[in-house]
Protein chains: 2
Amino acid sequence: MLNVGAAAKASGLPKKTVRYYADIGLVEPSGRSEAGYRVYAEAEIQKLIFARRARAFGFSIDACRELLDLYTDTSRSSADVKRIAERRLGELYAKMRDLQALCDELSILVEACRGDDRPDCPIITTLAAPPREGG
Amino acid sequence: MLNVGAAAKASGLPKKTVRYYADIGLVEPSGRSEAGYRVYAEAEIQKLIFARRARAFGFSIDACRELLDLYTDTSRSSADVKRIAERRLGELYAKMRDLQALCDELSILVEACRGDDRPDCPIITTLAAPPREGG
DNA sequence: TTAAGGGTTCCATCTACTGGAAGGTCAAGA
DNA sequence: TCTTGACCTTCCAGTAGATGGAACCCTTAA
């Protein structure tokens, strides 16, 4: 049975985050010591690790909640898990597309900017009046 | 001279955001009417539009502040503008790389998951104990 | 006994807004 | 003149996901 500091070390999460996850009910400690300290059993440590990795994949806290439910439910359907992961993958693709478009536009501007001590600057000009805002 | 609603329409920003930008001193109104209404002159409308476009490029509010300073400073050096844009471009590239790696990993997992009514699921398994966390 | 190093709670802060309540202002119509 | 509705104002709260710090309690070893 580990207290919050040891649980943090074992899970790879900051102490603050372990407490935060307890507060929001994402991963609650197995119980409390007599002094009121949070105590974590092995199963909860595993959940903390699972949560950390799911967060690293960019799953939202709510998605992590769903995934943790499925993780602990050994009679789950893999279809349910897949659905959540596909949803996240869709978000990732969408964000990638947006970022790519932004990168493309911005790098064109950066390359077009001489970057000297004169004031003329296509970056400023474009932000003030972009060439094709309507379409 | 436009009040906040008209300025919002003219700039393409929500009213709330125009007020917010005034509050944080990003784009302040030219003045106030006798009744205390914010009033915006053409120059401030241009700044609002500029800010909106800079935000659309993902520049932070602080970066927008710098850019607006340069926008209004006609004796600016384009090098200063370029530096800010390059910084942002670096962030974008970094985020793209992270997202790409995430997409790659997650799509492998999604494809490996049968998505049926059985519990076995490589997504769950990987989140619980990824194959190569240490390297 | 005391000091270090745990732990606890609660509140504030971060980003960039957004929503809503309570109340003042203004122009038009009855 | 009164009212109605659409404006405007300020202020407070909330969003996501933590993180930092203050004030205070617990434990243990010297």
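Predicted model, so just to flag it, every value in this text is computed and none were measured. Naming convention: chains lettered A, B, ... in sequence-line order (proteins, then strands); numbering from 1 in each chain.
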Ignoring hydrogens and angles, does a donor from either the side chain of B:Tyr37 or the base of C:dG24 sit under 3.5 Å from an acceptor on the other? yes

At less than 3.5 Å, do the side-chain atoms of B:Lys16 and the base atoms of C:dG20 form a donor-acceptor pair? yes

By nearest-heavy-atom nucleotide on DNA chain D, the more 5' of A:Thr17 and B:Arg38 is B:Arg38

Residue met sooner reading DNA chain D from 5', once B:Gly5 and A:Leu26 are mapped to nucleotides: B:Gly5

Spacing of [X] atom [atom1] relative to [N] atom [atom2], expressed in whole Å:
{"X": "A:Arg32", "N": "C:dT8", "atom1": "CZ", "atom2": "P", "value": "6 Å"}
{"X": "B:Asp23", "N": "C:dC17", "atom1": "CG", "atom2": "C1'", "value": "11 Å"}
{"X": "A:Glu34", "N": "C:dT8", "atom1": "CD", "atom2": "P", "value": "15 Å"}
{"X": "B:Lys15", "N": "C:dC17", "atom1": "NZ", "atom2": "C1'", "value": "16 Å"}
{"X": "B:Tyr20", "N": "D:dG14", "atom1": "OH", "atom2": "C1'", "value": "14 Å"}
{"X": "A:Asn3", "N": "C:dG7", "atom1": "CG", "atom2": "C1'", "value": "8 Å"}
{"X": "A:Lys9", "N": "C:dG7", "atom1": "NZ", "atom2": "P", "value": "9 Å"}
{"X": "B:Tyr40", "N": "D:dC8", "atom1": "OH", "atom2": "P", "value": "11 Å"}

Considering only NZ, NE, NH1 and NH2 on the basic side and carboxylate oxygens on the acidic side, decide whether [X] and [Y] come within less than 4.0 Å.
{"X": "B:Lys95", "Y": "A:Asp98", "result": "no"}
{"X": "A:Arg83", "Y": "A:Glu86", "result": "no"}
{"X": "A:Arg87", "Y": "A:Glu66", "result": "yes"}
{"X": "B:Asp62", "Y": "B:Arg65", "result": "yes"}

Check every strand shown and say whether [X] touches a base, only sugar-phosphate, or nothing at a heavy-atom separation below 4.0 Å.
{"X": "A:Ser60", "value": "sugar-phosphate"}
{"X": "B:Arg19", "value": "base"}
{"X": "B:Phe59", "value": "nothing"}

Would you check, one step at a time, whether the test side-chain contact (heavy atoms from CB on, under 4.5 Å) holds for A:Ser11 with A:Val18? CA-CA 9 Å; A:Ser11 65; A:Val18 175; 4.3 Å; yes

A:Arg55 side-chain proximity, nearest of D:dG17, C:dT9, C:dG19: D:dG17

It should be established whether B:Tyr21 places a side-chain nitrogen or oxygen under 4.0 Å from OP1 or OP2 of nucleotide C:dC17. yes

